[in-house]
*Asks:* 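To start, I am sharing the structure in question, which I have written as structure tokens.
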Amino acid sequence: MLDPKFVRANPEEVARLLKKKGYVFPVAEFAALEEKRRSVQVQAESLQNERNTRSKSIGQAKASGQDIQPLMDEVKSLGDQLDQAKQELQEVQQALDDLLMGVPNLPDESVPEGKDEDDNVEVRRWGTPVEFDFEPQDHVSLGERVGLDFETAAKLTGSRFAVLKGDLARLHRALIQFMLNTHTADHGYTEVNVPYMVNADSLRGTGQLPKFEEDLFKIPFGERDYYLIPTAEVPVTNFVRDQIVEADQMPMQFVAHTPCFRSEAGASGKDTRGMIRQHQFEKVELVHIVEPEKSFAALEQLTANAERILQLLNLPYRVITLCGGDMGFGAAKTYDIEVWLPGQSKYREISSCSNMTDFQARRMLARWRNPESGKPELVHTLNGSGLAIGRTLVAVLENYQTADGRINVPEVLQPYMGGVTQL
RNA sequence: GGAGGGAUGGCUGAGUGGUUGAAAGCACCGGUCUUGAAAACCGACGAGUCGCGAGGCUCCCAGGGUUCGAAUCCCUGUCCCUCCGCCA
């Protein structure tokens with residue numbers, strides 16, 4: 001959520017910045033609601049004040065043994081007026097909240113203008129795509145022989161699921177272990193294991209609700225609903241919801257491995273072949289909770305931590321800055337890391353690293369005690385994939401393939417493969 | 001699933017329906033003392049919101065209710081703890 005104070009004071013500026021994201025901020029509607037809120041609030045509060053004052057004097061009169069009946073008669077009629085004013089205030093407030101909860105985060109000034117992915121800006125490249133002296137296969141045909149099975153998954157569940165068998169399943173697991181070990185041992189992250197279902201409050205905190213419910217899998221449970229997590233960002237970032245973190249606990253860096261569940265509503269026809277886009281996939285996620293002035297530096301670090309995985313796996317990639325129009329709802333700035341896929345002759349997204357600034361923190365009421373002011377202030381939150389496991393597996397299959405359709409095991413994964421060096 | 005007990009400021013923890021936004025302790029902050037620090041002592045010390053300001057309003061798990069007035073009484077829900085049952 002944006003800072004209501006800031007929006008109130010700079011509605012035109014907000015509209016201008018949001019335009020970069022392709023979002024039209026309803027300046028007039030907001031202004032009208034604000035004005036109404038202000039007048040209703042003043043009225044409600046003055047009635048409240050009057051009732052409080054009179055009730056207090058009844059208490060004093062009673063204590064000194066006076067007759068309180070006349071005083072009570074006087075105050076009685078106040079109640080109805082007060083109830084009405086309160087209700088009106090609640091309605092306006094609700095409308096204002098609903099509006100604000102649906103407004104995306106402001107893009108940072110450094111974010112390039114642009115409408116969609118074609119306007120993203122490449123920042124750097126690492127590695128050189130391998131020149132094969134044969135026609136490289138894509139992961140689907142490569143995977144067939146080594147245990148990548150979509151048919152069985154379709155029988156068990158439906159489309160957009162996969163079954164992995166044998167050494168391929170083990171390679172998948174090796175990637176997870178390798179990434180977790182690297183981030184904890186080399187990059188100083190704290191490993192966490194979290195629930196794969198969350199409540200609506202958590203999803204509101206990170207911004208998936210109320211706007212993007214159709215992207216989620218919902219589980220009815222008793223009187224309410226739980227949701228399968230679309231990313232570990234949700235449970236992990238919500239660690240600090242409704243918390244005031246002491247300064248010596250900052251910054252926080254968490255790494256979590258979880259499955260992720262996405263309905264992929266609106267993606268029908270996109271990436272239907274293979275395991276690029278599934279309803280269920282696994283991911284190692286990085287989350288930072290930091291002091292506000294350090295968040296953009298933290299974004300660089302987090303991105304570098306994710307990149308390091310690809311470097312150690314010797315997979316060529318590039319880093320791009322998302323343009324305003326391609327950015328997510330809560331992000332102020334996003335780097336995507338795209339890995340080279342020989343099967344597609346393309347760079348494809350394998351990680352997305354974002355600085356959410358105080359957008360999620362305000363929704364979550366996640367604060368830290370700033371020693372300079374002694375006051376609780378909103379933290380900044382960041383997250384990024386470090387990396388998406390399924391897509392990394394795809395990248396390994398395609399980049400490490402041999403002329404006879406076998407897969408070499410990357411050196412850094414071999415310790416996890418029990419002596420297997422080729423699939 | 002059954003039976004009890006809880007939820008109060010950053011933390012621990014008092015609180016009779018009426019000047020209680022809330023005792024006390026700890027932590028944090030400022031000061032005295034000290035070469036410096038510790039200890040001791042003194043002082044300040046919850047959050048949000050509206051207002052230029054004085055000041056107002058809200059918040060004692062959440063949501064309803066009773067009342068002129070609720071942290072305090074009633075109802076519903078959530079979470080935590082203890083015991084029993086069941087269970088990976």
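So you know, we letter chains A, B, ... as the sequences are listed, proteins then strands, and number each from 1.
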*Asks:* Could you note down all residue pairs passing side-chain hydrogen bond (donor to acceptor under 3.5 Å, both in side chains) where residues 143-156 of chain A supplies at least one of them, sequence neighbours left out?
*Replies:*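 As it turns out, the side-chain hydrogen bond (donor to acceptor under 3.5 Å, both in side chains) pairs with a partner in residues 143-156 of chain A, which skip direct neighbours, are A:D149-A:T152, A:D149-A:K165.
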
*Asks:* Round to a whole Å and report the spacing from CD of A:E50 to C1' of B:G55.
*Replies:*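 Atom-to-atom, A:E50 to B:G55, this comes out as 17 Å.
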
*Asks:* Using the closest heavy atom to pick a nucleotide of RNA chain B for each, name whichever of A:V75 or A:Q41 lands nearer the 5' end.
*Replies:*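 Taking each residue's closest nucleotide, the earlier one in sequence belongs to A:Q41.
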
*Asks:* Rounded to whole Å, please give me the gap between CE in A:M1 and P in B:G48.
*Replies:*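 Atom CE in A:M1 sits about 13 Å away from atom P in B:G48.
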
*Asks:* Quickly work out the A:R369 CZ to B:C11 C1' distance and round it to whole Å.
*Replies:*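 So the two atoms are 11 Å apart, to the nearest Å.
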
*Asks:* Over all heavy atoms of both residues, which pair between A:P26 and A:L99 is shortest? Give the atoms and the distance, please.
*Replies:*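 Scanning both residues completely, I find the closest heavy atoms to be CG-CD1, 4.3 Å.
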
*Asks:* Rounded to whole angstroms, how far apart are CG on A:D248 and P on B:C29?
*Replies:*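 Rounded to whole Å, this separation is 11 Å.
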
*Asks:* Tell me whether the side-chain N or O atoms of A:E45 pair up with the base of B:G56 as donor and acceptor below 3.5 Å, since no angle test is needed here.
*Replies:*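 A donor-acceptor contact between them is present.
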
*Asks:* Going by purine N1 to pyrimidine N3 plus the second Watson-Crick contact, or the G-U wobble pair, all under 3.5 Å, which nucleotide sits opposite B:A27?
*Replies:*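 Matched B:A27 with nothing under the 3.5 Å cut-off.
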
*Asks:* Quick check on B:G56: is either OP1 or OP2 less than 4.0 Å from any side-chain nitrogen or oxygen of A:N49?
*Replies:*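 No, A:N49 has no side-chain N/O under 4.0 Å of OP1/OP2 on B:G56.
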
*Asks:* Using a cut-off of strictly less than 4.0 Å, decide whether A:Q48 has a side-chain nitrogen or oxygen near OP1 or OP2 of B:U58.
*Replies:*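 True: A:Q48 side-chain N/O within range (under 4.0 Å) of B:U58 OP1/OP2.
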
*Asks:* Applying a 3.5 Å limit to both distances, which nucleotide forms a Watson-Crick or G-U wobble pair with B:G51?
*Replies:*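 B:G51 is unpaired by these criteria.
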
*Asks:* Mind checking the P distance from B:C26 to B:C75? Whole angstroms is fine.
*Replies:*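 B:C26 and B:C75 have their P atoms separated by 39 Å.
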
*Asks:* Take atom C1' in B:C11 and the same atom in B:G17, then report the distance between them in whole Å.
*Replies:*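 Those two atoms are separated by 29 Å.
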
*Asks:* For B:A7 versus B:A71, give the span between their C1' atoms, rounded off to a whole number of Å.
*Replies:*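 Going atom to atom, C1' in each nucleotide, I get 12 Å.
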
*Asks:* Work out which heavy atom in A:W368 is nearest to a heavy atom in A:I244; give both atom names and the distance.
*Replies:*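 Here A:W368 and A:I244 meet closest at C-CG2, 4.3 Å.
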
*Asks:* Which atoms of nucleotides 74-79 of chain B (N or O only) lie under 3.5 Å from a protein N or O atom, and what are those distances?
*Replies:*
unit_1, atom_1, unit_2, atom_2, d
B:U78, O3', A:R224, NH2, 3.4
B:C79, OP1, A:R224, NH2, 3.3

*Asks:* How many Å lie between CZ on A:R362 and C1' on B:U49, as a whole number?
*Replies:*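 Going from A:R362 (CZ) to B:U49 (C1'), I get 14 Å.
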
*Asks:* Cut-off 3.5 Å, no hydrogens considered: what does the side-chain donor-acceptor table look like for residues 381-390 of chain A, sequence neighbours left out?
*Replies:*
unit_1, atom_1, unit_2, atom_2, d
A:T381, OG1, A:Q360, OE1, 2.7
A:N383, ND2, A:E233, OE2, 3.3
A:S385, OG, A:S352, N, 3.2

*Asks:* Can you tell me, in whole Å, how much space there is between the P of B:A24 and that of B:G6?
*Replies:*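 Straight-line distance between the two P atoms is 25 Å.
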
*Asks:* Side-chain donor-acceptor pairs under 3.5 Å in residues 408-420 of chain A, sequence neighbours left out?
*Replies:*
unit_1, atom_1, unit_2, atom_2, d
A:N408, OD1, A:Q422, NE2, 2.9
A:Q414, NE2, A:V409, O, 2.9
A:Y416, OH, A:N181, ND2, 2.9

*Asks:* Sort and list the pairs that fulfil side-chain hydrogen bond (donor to acceptor under 3.5 Å, both in side chains) and have at least one residue in residues 188-197 of chain A, not counting sequence neighbours.
*Replies:*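 Found A:Y189-A:H288, A:Y189-A:N305.
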
*Asks:* Got a sec, which pairs hit ring-ring contact (aromatic ring centres under 6.0 Å, His included) with one end in residues 41-89 of chain A, sequence neighbours left out?
*Replies:*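 ring-ring contact (aromatic ring centres under 6.0 Å, His included) check on residues 41-89 of chain A returns no pairs.
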
*Asks:* Using the P atom as the point on both nucleotides, what is the distance between B:G25 and B:A14, in whole Å?
*Replies:*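 Here B:A14 and B:G25 have their P atoms 15 Å from each other.
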
*Asks:* Work out how far the P atom of B:G9 is from that of B:A47, and round it to whole angstrom.
*Replies:*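 Approximately 13 Å lies between the P atom of B:G9 and that of B:A47.
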
*Asks:* Would you call A:E34 and A:R37 a salt bridge, using N to O less than 4.0 angstrom?
*Replies:*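 Here A:E34 pairs with A:R37 in a salt bridge, since their nearest N and O are under 4.0 Å apart.
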
*Asks:* Given the P atoms of B:G21 and B:G46, what is the spacing between them in whole Å?
*Replies:*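 Roughly 14 Å separates the two P atoms.
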
*Asks:* If I pick the P atom on B:U16 and the same atom on B:C84, what distance separates them, to the nearest angstrom?
*Replies:*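 Going atom to atom, P in each nucleotide, I get 33 Å.
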
*Asks:* Does the pair A:R369/A:E377 count as a salt bridge with the N-to-O cut at 4.0 Å?
*Replies:*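 Salt bridge between A:R369 and A:E377, a charged N being under 4.0 Å from a carboxylate O: no.
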
*Asks:* Judged by each residue's nearest nucleotide on RNA chain B, which is more toward the 5′ side, A:R8 or A:I244?
*Replies:*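 Its nearest nucleotide being more 5', the pick is A:I244.
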
*Asks:* Could you check how far CG of A:L365 sits from C1' of B:C61, rounded to whole Å?
*Replies:*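 Atom-to-atom, A:L365 to B:C61, this comes out as 15 Å.
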
*Asks:* Give a yes or no on whether a salt bridge exists between A:R262 and A:E264, defined as a side-chain N under 4.0 angstrom from a carboxylate O.
*Replies:*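 Salt bridge flag = no for A:E264 with A:R262.
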
*Asks:* For A:P376, which contact category applies under a 4.0 Å heavy-atom criterion: base, sugar-phosphate, or nothing?
*Replies:*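 Sugar-phosphate: the residue A:P376, judged by heavy atoms under 4.0 Å, touches backbone atoms but no base.
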
*Asks:* Can you give the donor-acceptor pairs under 3.5 Å from side chains of residues 247-255 of chain A to other protein atoms, not counting sequence neighbours?
*Replies:*
unit_1, atom_1, unit_2, atom_2, d
A:Q253, NE2, A:Q301, OE1, 3.4

*Asks:* Quick one, which residues of residues 51-59 of chain A touch RNA chain B with a heavy atom under 4.0 Å?
*Replies:*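 Close to the strand are A:R51, A:N52, A:S55, A:I58, A:G59.
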
*Asks:* Mind checking ring-ring contact (aromatic ring centres under 6.0 Å, His included) for A:F261 and listing every partner two or more places apart, or none if nothing turns up?
*Replies:*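 If we apply the ring-ring contact (aromatic ring centres under 6.0 Å, His included) test to A:F261, skipping adjacent residues, there are no hits.
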
*Asks:* Could you check how far CD of A:Q60 sits from P of B:G69, rounded to whole Å?
*Replies:*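 Taking CD of A:Q60 and P of B:G69, I get 17 Å after rounding.
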
*Asks:* Looking at B:A47, I'd like to know if its phosphate oxygens (OP1 or OP2) sit under 4.0 Å from a side-chain N or O belonging to A:R367.
*Replies:*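 No, because none of the side-chain N or O atoms of A:R367 sits under 4.0 Å from OP1 or OP2 of B:A47.
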
*Asks:* Hunt down the Watson-Crick or G-U wobble partner of B:U82, both distances under 3.5 Å, from any strand shown, or write none.
*Replies:*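 Across any shown strand, B:U82 pairs with B:A3.
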
*Asks:* Roughly how many Å is it from CG in A:L82 to P in B:C68, rounded to a whole number?
*Replies:*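 From A:L82 CG to B:C68 P: 13 Å.
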
*Asks:* Considering Watson-Crick and G-U wobble pairs with both distances under 3.5 Å, what does B:G21 pair with?
*Replies:*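 Across all strands, not a single nucleotide pairs with B:G21.
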
*Asks:* Does A:K86 reach a base, just sugar-phosphate, or nothing at all? Heavy atoms under 4.0 Å.
*Replies:*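 If one applies the 4.0 Å heavy-atom cut-off, A:K86 turns out to touch nothing in the nucleic acid.
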
